[in-house]
Amino acid sequence: MNRVWWKEKIIYQIYPRSFCDSNGDGVGDIRGIINKLDYLEYLGVDIIWLCPICLSPMVDNGYDVSDYTQIDPLFGSNEDLEELIRKAGEKNIYIMMDLVFNHCSIEHEWFKKAAAEPGSEEAGYFYILDEDDERSRNNWRSVFGGSTWSSLPDGRRYFHTFAKEQPDLNWENPRLRQRLYDIVKWWIQKGIKGFRVDAITYIKKDTTFSNRYPTARENLFMVENMQNYPGIGEFLSEFCEKCFRDNEVVTVAEAPGVRAEDVKKYSGETGYFSMIFEFSYADMNKLDPGWSVAKFRENIFHSQKVIQDHGWYGTFLENHDGSRCGNKYICDDDLDTFGDIPKKMLAVLYFCLKGTPFIYQGQEIGMNNRVFRTGEGNCQDEIDDISTKGLIEELLKQGRPLKEALKEATAKSRDNGRMPMPWNEKENAGFTDGIPWMRLNDDFHVRNVEEMSKDKDSILNFYRRLISLRKESEWKDILNYGDFVPLERQNETTIAYERGLGEKKLLIICNCSASIEKEIPEGYGNILLSNYPGEKEDKNILRPYEAVMMFQ
Ligand code: GLC
C-alpha cells in the first residue's frame, strides 16, 4: 500500500457567491468563508475548493476571468484570501483554487489588446480568423447554445467553446502557455495547495475547424464532441511538468470523456493530474430516457474497475453545475415519504468507493433543488444561469410554448445547485443581512445547519460519521486504498460491493428502492453503519432505501 496524501483527504466544494455573505450585499464572500471555518472543521473536511473568485464580469459567475491574480471585489480582496489561507491552515485545511484556462473573459487585457491590435502578441493568444474565413462559419454549437464563433467590432471572428464572452485561449502559442504557468506558480507561492482545473479537455482544437456531422438540431455539431482531441496529451504533460510535478499540490481536472484506457495518463501519482472527476454516474438523471438503477450501478462499477490498478478519481454526486442528488436519482414521492434516508443512502454509496470524495456545499444538509415558480407563469426573471437561458432561447426558437420551455430548462438548471446556503432559521437563513442574490427555498426553516447540527440523526451528522470513518477509524485504509469488488446481484435495485485490503473486508450494500430487500450476502455478521437511526434489529433485511456497511 503506497500512501499518497491527497488520496486520504475529503474535499469540500464552495460556491462562494452562495456560501456566506459577511457584508450585507447579498452575495457570499471570502470573509463569509473565514467566518465559517469552525463549521468546516466541525464537518471534518480537509481541503476546500473555491469556485472562481478572480476578477470577472460574471457572465458565467466567475468562469469568465478578466484578471487571474486579482480577487473580484464582490468576494473581497487578495488580502482576504491570504487571511483565509492562513486561518484555514491553522486548522489544517488547505485551499484549492479553480483554474479557468481554456478561456478567459472578453474583458481580460489580453483579449482587449487582441481585439484592438490584429498584429499584437496577444492576438496570437486566441483563435481569431478573418471575416471571410470559411472556418469561422462552421456548424459547431457552443456549450451554452449558439455558434462557437462571434465577431469582433472590426469583423474578425473569434472562437469560444462556451459563451461569446468567454474567448478560448490558444494553447498552441508557447508564450500564452508560459503566461498561464506563471499564474499557477504565483498562486502556489501565496500558499494555494490545490487546483481544480476547469474544462481542460477542450484546450486542444481541431484547427481545421471544418464542418462536422450534425449532432444537434438545426444542423449543428455539439462542440462537446471535440473534447480530448488528439494531441492534447502534449499540452497536458507540459502543463503538469511546469506547474505541478515538483510542487506539493493536489490537482483535480474537470475531464469528462477521457477514455478508460487513458485514465491512467490523466490521473494518479504519475498522471497529468492527481485525479479527474468521474462523471459517468454523477451526470445521470432520473429525467433522462436511459435512467435505471441497474444502469447507474453499471456505470459505478465500470468506473471503479477503470481505477482498480491505475489512475484516481474525484468521486462526487453534486457540484455547482447541476441538480441536487436526491432530486437526480430518487423519485419525488419517495423523497416525500422517506425524508433524508435516501439521501443518506446515496452518501454511503459514493463515499465508500475508491477515490477522493468531494462534498458540494449544502449536500451535507440534504439541500433540494430550487423550486422555480414556473407553475405561476413566467419565471424567466428567476433564472440566473447562462446555460439555462441559452436553452430556453433555443427551445423557444424551436417553437415550444414558453411554459414548456421553462419547465424543461429549469428541471436540470444549474441554478438548482447554486442557492444560498441556509445556516439557521432566521431571516434569509443567516446567509446575509441584505437581500440574497438568489431567493432561498422555503424549506430553510427546517433544513439549515444549526437545526441539523442539534439532531444526532440528521444527514449532517451522518456525513460527519462517514467522514470520520474515512479519516480516523480502523477502516480508513480499507476505504482509501482497498480493492473494489463489485457484487453482481439479481435484484435490479440494489447496489452492493466489497472493499478489501489484506484479510479485511467491508460490505457496502444499498437498497435503491422503496421495497424491502432480503438478499444480504452471507458471512457479514456485524453492522458498522446504517442510515436508519437506532440499532438494526433484523440483519437479514434491508429497509426501504437502507444502506449498510458490514464487516465479518
Ligand atoms: C466548467 C464549470 C462550469 C463553467 C464552464 C465554463 O464546466 O464547471 O461552471 O460554466 O466550465 O468555464
Side-chain angles (χ1 to χ4, degrees), residues 11-19 28 49-68 72 75 96-108 111 126 140-146 148 150 159-169 171 180 183 194-203 205 222-228 251-258 273 275-280 282-283 314 316-324 358 360-363 370 383-391 409 412-419 438:
I11 306 184
Y12 186 83
Q13 181 190 354
I14 289 185
Y15 197 65
R17 167 181 287 274
S18 296
F19 191 63
W49 151 26
L50 303 178
C51 279
I53 47 174
C54 288
L55 203 65
S56 164
M58 303 289 165
V59 168
D60 186 18
N61 289 353
Y63 283 95
D64 45 324
V65 181
S66 50
D67 186 336
Y68 287 101
D72 196 290
F75 299 123
M96 173 183 265
M97 295 271 280
D98 217 310
L99 275 187
V100 189
F101 278 179
N102 173 67
H103 46 268
C104 60
S105 154
I106 47 168
E107 308 246 320
H108 196 290
F111 190 75
F126 299 90
W140 298 13
R141 176 199 184 271
S142 68
V143 176
F144 298 153
T148 51
S150 292
F159 181 82
H160 51 89
T161 299
F162 294 88
K164 65 178 190 314
E165 295 85 354
Q166 295 168 297
D168 277 39
L169 292 165
W171 277 67
L180 297 178
I183 293 165
F195 297 95
R196 179 267 187 185
V197 189
D198 184 68
I200 200 67
T201 43
Y202 289 102
I203 59 172
K205 321 287 183 215
M222 313 264 284
V223 71
E224 284 87 335
N225 295 306
M226 294 307 289
Q227 296 184 81
N228 305 299
T251 52
V252 52
E254 185 191 32
V258 174
F273 305 104
M275 61 190 105
I276 59 177
F277 284 123
E278 167 41 8
F279 286 91
S280 69
D283 268 357
F316 72 101
L317 294 181
E318 294 183 10
N319 65 21
H320 64 294
D321 285 333
S323 297
R324 295 294 184 174
F358 283 65
Y360 177 54
Q361 70 179 47
Q363 178 181 338
R370 180 150 195 226
I383 293 164
D384 174 73
D385 169 33
I386 184 168
S387 75
T388 313
K389 289 180 184 161
L391 181 59
K412 289 200 216 153
S413 168
R414 304 195 301 178
D415 285 340
N416 282 311
R418 298 182 174 180
M419 309 209 342
M438 186 182 258

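Keep in mind that what you see is a predicted model, and the values were worked out from it rather than measured. When a residue number appears, it is its place in the shown sequence, counting from 1. Just so you know, ligand 1 is whichever comes first in the structure, and atom 1 is the first atom listed for that ligand.
For atom 5 (C) of ligand 1, the closest non-hydrogen atom of the protein is F162 CE2, 3.7 Å. Distance from atom 11 (O) of ligand 1 to its nearest protein heavy atom, with residue and atom name: D198 OD1, 2.8 Å. Nearest protein heavy-atom contact of atom 4 (C) of ligand 1 is D60 OD2, 3.3 Å. Regarding atom 8 (O) of ligand 1, its nearest protein heavy-atom neighbour is D321 OD2, 2.4 Å. Ranking the protein heavy atoms by distance from atom 7 (O) of ligand 1 puts E254 OE2, 2.7 Å first.
Ligand-side atoms of ligand 1 in range of H320: 2 (C), 3 (C), 8 (O), 9 (O), range being under 4.0 angstrom from any heavy atom. Taking every heavy atom of R196 and a limit of under 4.0 angstrom, the matching atoms of ligand 1 come to 2 (C), 8 (O). Within ligand 1, counting atoms from 1 as listed, the ones closer than 4.0 Å to a heavy atom of R414 are 3 (C), 4 (C), 9 (O), 10 (O). Taking every non-hydrogen atom of H103 and a distance limit under 4.0 Å, the qualifying atoms of ligand 1 come out as 6 (C), 12 (O).
Less than 6.0 angstrom separates the ring centroid of W49 from the ring centroid of F277. The aromatic ring centres of H108 and Y68 sit less than 6.0 Å apart. Here the two rings, on Y63 and H320, have centers that are under 6.0 Å apart. In this structure, Y360 has its ring center at least 6.0 angstrom away from the ring center of F316.
Residues Q13 and R196 fail the side-chain proximity criterion, which asks for heavy atoms closer than 4.5 Å.
Taking 4.0 Å as the cut-off between side-chain N and carboxylate O, D72 and R17 do not count as a salt-bridged pair.
Remark: the H103 side chain and the T161 side chain contain no N/O donor-acceptor pair separated by less than 3.5 Å.
At a heavy-atom distance under 4.0 Å, only side-chain atoms of F144, from C-beta outward, approach ligand 1.
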